[in-house]
Engineer: 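I am attaching a structure below and will ask some questions about it afterwards.
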2 protein chains.
Amino acid sequence: MKLSGGVEWALHCCVVLSAANSAPVAVARLAEFHDVSTTYLAKQMQALSRAGIVRSTQGHSGGYALTREPSKITVLDIVEAIDGTQSTFACTEIRQRGPMATPAEACVKPCAINRAMISADRAWRDALREVTVADLARDVDKDYDADVMATVSGWLADETA
Amino acid sequence: MKLSGGVEWALHCCVVLSAANSAPVAVARLAEFHDVSTTYLAKQMQALSRAGIVRSTQGHSGGYALTREPSKITVLDIVEAIDGTQSTFACTEIRQRGPMATPAEACVKPCAINRAMISADRAWRDALREVTVADLARDVDKDYDADVMATVSGWLADETA
DNA sequence: GGCAAGCTACTCGGATACACGGTGTCCGAGTGCATGGGG
DNA sequence: CCCCATGCACTCGGACACCGTGTATCCGAGTAGCTTGCC
């Protein structure tokens, strides 16, 4: 029950991209900024691209940019893009097996165990859906430094220049 | 982000054990009932034993039994026994890395991303804590058959005899 | 008949192989920009 | 001076190895109950 490590990178990258004002940022820049593997981060960004969260621009001075307002991108979107939308619990319907198997026609509804898991999974996703990239960016400014986002923005501009 | 498959087995086993009235049930019986691997199920039961959820009795007519009332055993207890208590998200503090690293003394509090994840994790665990083994057993009776629990209890008695 | 010692068979427990998914990396296809020549 | 063709360097994208965790299994240690012999 561990989340893929790439999720953290993807989240941080989305926050940084929200400071770039829709200007494309190359993977190499993002990787350098976070001091992580460029190639592996590229894999995560591809997943974000496939999920429609970021838009890729090729060629010189290309890169990735958010496709919509940071306030319209939830943490859940990013998590599901990287880690998949599959539920945390996969019911194998073992009640239909064994000497006292429940007949299949009685199994139209998920069993109590599965329901509890689905409910918990829903609570988890709901919590993640509550937080947007814009929230993350705002909290970063508020909590850690006076204007990290502005500094990041400037750093991105310098690097691009 | 997938839960260990053994969690499902452990949950079902705890429900069955709640029908056994504290009488020890061997792993072989549980495995036969669910039609799953005996040896692997044994591993899960060992984890439950280590967590103090079940008590093992050795020797002839030994086996596993719940250590406390089914209403005092939550789904979360079982999940954490099998899958560990570690959080779903492991913050690697990448904000302290790279050319614009945040100084460590400013990182006394978890970052916004980590906080969102912790909050979601908490919501998930809270939901699992709400459901007990007694609830599961009751719902099994209510939803699927007239008195599955009684039948299970009788089956266990027959097998033991 | 009652009791105790020994044996048997059944139980759990931890240590040991195998497999799949995540982790990490690489090179190729595609494209926008810069440049240089011509009009 | 302006426009266009060409080349280039930089970008993403998918295909390819490696490793760790979970999956599955086995055999050994320990104990409760049955059997049997004795008192």
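Just so it is clear: chains get the letters A, B, ... in the order the sequence lines come, proteins before strands, and each one is counted from 1.
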Engineer: Are Ser49(B) and dG13(C) close enough that a side-chain N or O sits under 4.0 Å from OP1 or OP2?
Structural biologist: yes

Engineer: For Leu17(A) and dC12(D), give me the distance from atom CG to atom P, rounded to whole Å.
Structural biologist: 11 Å

Engineer: Assign each of Ala42(B) and Ala42(A) to its nearest nucleotide of DNA chain C by heavy atoms, then name whichever residue's nucleotide is nearer the 5' end.
Structural biologist: Ala42(B)

Engineer: Side-chain donor or acceptor of Gln46(B) under 3.5 Å from a matching atom on the base of dG13(C)?
Structural biologist: yes

Engineer: Name the residue from Arg68(A), Arg125(A), Arg129(A) that meets the salt bridge (charged side-chain N to carboxylate O under 4.0 Å, His left out) definition with Asp77(A).
Structural biologist: Arg68(A)

Engineer: Hey, which sits more toward the 5' end of DNA chain C by its nearest nucleotide, Trp9(A) or Thr57(A)?
Structural biologist: Trp9(A)

Engineer: Can you measure Arg29(A) atom CZ to dC12(D) atom C1' for me and round it to whole angstrom units?
Structural biologist: 15 Å

Engineer: Between atom CG in Leu41(B) and atom P in dC26(D), what is the gap in whole Å?
Structural biologist: 15 Å

Engineer: Does a side-chain heavy-atom distance below 4.5 Å link Gln44(A) with Leu30(A)?
Structural biologist: no

Engineer: How many Å lie between CZ on Arg55(B) and P on dT31(D), as a whole number?
Structural biologist: 12 Å

Engineer: How far apart are the closest heavy atoms of Ile78(A) and Cys14(A), and which atoms are they?
Structural biologist: CD1-SG, 3.6 Å

Engineer: Please report the closest heavy-atom contact between Ala116(B) and Leu128(A), naming both atoms and the distance.
Structural biologist: O-CD2, 4.2 Å

Engineer: Name the closest nucleotide to the Thr39(B) side chain, picking from dC26(D), dT25(C), dT11(C).
Structural biologist: dC26(D)

Engineer: Considering heavy-atom distances to DNA chain D, does Asp83(B) or Ala28(A) have its closest nucleotide positioned more toward the 5' end?
Structural biologist: Ala28(A)

Engineer: Take atom OH of Tyr40(B) and atom P of dT23(D), then tell me their distance rounded to the nearest Å.
Structural biologist: 4 Å

Engineer: In terms of the nearest nucleotide of DNA chain D, which residue is placed more toward the 5' end: Gly59(B) or Met45(A)?
Structural biologist: Met45(A)

Engineer: Describe the nucleic acid contact of Gly63(B) in one word from base, sugar-phosphate, nothing, applying a heavy-atom distance below 4.0 Å.
Structural biologist: sugar-phosphate

Engineer: With a non-hydrogen cut-off below 4.0 angstrom, is Arg50(B) in contact with a base, only sugar-phosphate, or nothing?
Structural biologist: sugar-phosphate

Engineer: Atom CZ of Phe89(B) to atom P of dG22(C): distance rounded to whole Å?
Structural biologist: 17 Å

Engineer: Within this structure, what is the NZ-to-P distance between Lys43(B) and dC27(D), rounded to whole angstrom?
Structural biologist: 16 Å

Engineer: Measure from CG on Leu48(B) to P on dG14(C) and round the result to the nearest Å.
Structural biologist: 13 Å

